[in-house]
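So the structure is just underneath, and the comments pick up after that.
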Amino acid sequence: MALNRRSLLTRLGCLGSLATPLISQAQSAPAALTSSDLRHAQALRELGLKDSLAYALTESLVTEVGARPAGSPADARAVAWAQAQMQRLGLSQVRAEPVSMKVWQRGPLNVMLSSPVPHPLTALALGNSISTAPEGLDAEVAYYPDLAALKADKSTLQRIVMLTSVLH
């Protein structure tokens with residue numbers, strides 16, 4: 001299916017609307033919309049409601065590629081997926097640009113209760129947390145039922161923090 005650029009942009013117009021709040025936040029003062037702008041937006045909305053291309057692309061991405069953490073193999077698959085989809089839609093100058101990013105990857109984690117009797121524990125490192133030195137860490141455990149209790153206590157330095165509630 002070959003589409004000209006205007007037809008493709010019109011069909012994908014509803015995807016562009018997702019970026020509109022970000023663009024408008026970046027501007028210092030929002031410009032007033034003209035009646036022509038409003039008519040064009042309404043036409044894009046109507047086309048988006050009649051055409052399922054944007055939904056089909058989104059569904060394809062999330063089902064065929066799935067989660068795509070930055071820097072992961074799935075991230076690279078998503079780039080290849082996007083290139084293939086754009087070429088399938090008839091775009092002729094499709095390419096991927098190199099992107100540098102900071103990536104955090106969860107490493108191995110072993111937690112052991114050392115006293116009164118050694119016992120392995122199940123734990124999960126929070127995203128973007130720093131790693132522990134190779135020799136490990138031996139410290140008192142500070143228990144908190146929730147994040148609010150942790151934030152209220154300023155004496156947690158040099159202790160291992162244990163939260164038992166779901167973090168949001």
Side-chain angles (χ1 to χ4, degrees), residues 1-28 30-31 37 40-41 43-112 120-137 139 141 144 146-148 150-151 156 159-168:
M1 166 175 75
L3 301 172
N4 65 38
R5 182 185 167 146
R6 182 177 180 92
S7 173
L8 178 64
L9 292 175
T10 301
R11 292 184 75 188
L12 295 176
C14 61
L15 284 178
S17 67
L18 297 174
T20 302
L22 298 174
I23 294 168
S24 64
Q25 288 175 4
Q27 297 172 345
S28 57
D37 293 335
H40 186 70
L44 283 174
R45 178 185 174 274
E46 294 304 316
L47 284 171
L49 291 172
K50 292 177 188 173
D51 192 330
S52 61
L53 177 62
Y55 181 85
L57 287 170
T58 303
E59 180 182 39
S60 171
L61 177 62
V62 299
T63 57
E64 294 171 32
V65 177
R68 316 164 286 289
S72 70
D75 182 25
R77 285 194 309 272
V79 170
W81 173 91
Q83 288 178 288
Q85 293 299 322
M86 286 188 255
Q87 289 167 344
R88 183 183 64 81
L89 291 169
L91 295 172
S92 60
Q93 295 186 25
V94 177
R95 65 184 180 279
E97 297 288 335
V99 176
S100 61
M101 66 186 92
K102 291 182 179 180
V103 176
W104 179 86
Q105 292 183 325
R106 183 171 281 118
L109 177 65
N110 297 306
V111 178
M112 177 75 76
L121 299 175
T122 301
L124 179 69
L126 297 177
N128 292 316
S129 59
I130 61 173
S131 61
T132 304
E135 64 272 9
L137 166 59
V141 175
Y144 297 93
D146 55 39
L147 194 55
L150 170 62
K151 287 180 178 181
T156 59
R159 298 194 303 181
I160 298 170
V161 172
M162 182 175 92
L163 291 170
T164 56
S165 67
V166 176
L167 299 177
H168 295 285

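Remember, it's a predicted structure, so these values are computed and weren't measured experimentally.
Closest approach of Ala70 and Val103 over heavy atoms only: O-CG1, 3.2 Å. Across every non-hydrogen atom of Ala74 and Ala67, the tightest pair is CB-O, 3.1 Å. Considering all non-hydrogen atoms of both residues, Leu61 and Ala78 come closest at CD1-CB, 4.3 Å.
Residue pairs that meet the salt bridge (Lys or Arg N to Asp or Glu O under 4.0 Å) test with at least one member in residues 58-85, sequence neighbours left out, do not exist here.
Note that CD of Glu46 and CG of Leu44 are 10.5 Å apart. Values are rounded to the nearest 0.5 Å. Residue Leu53 holds its CG atom at 11.5 Å from CG of Leu47, rounded to the nearest 0.5 Å.
With hydrogens and angles ignored, the 3.5 Å screen pairs a side-chain donor or acceptor of Trp104 with a backbone N or O of Ser129. Between the Thr58 side chain and the Ala54 main chain, a donor and an acceptor come within less than 3.5 Å of each other.
A 4.5 Å side-chain heavy-atom check between Thr122 and Val111 finds every atom pair outside the cut-off. Within the 4.5 Å cutoff, the side chain of Leu57 has heavy atoms near those of the Gln85 side chain. No side-chain heavy atom of Asp146 sits less than 4.5 Å from a side-chain heavy atom of Leu150.
Heavy-atom contacts from other residues, nucleotides or ligands closer than 6.0 Å to CG of Leu49 number more than 12. By the neighbour-count criterion of 12 heavy atoms within 6.0 Å, atom CD of Gln93 is sparsely surrounded, having that number or fewer from other residues, nucleotides or ligands.
Under the side-chain contact (heavy atoms from CB on, under 4.5 Å) criterion, Gln83 pairs with Val79, Val94, Ala96, not counting sequence neighbours.
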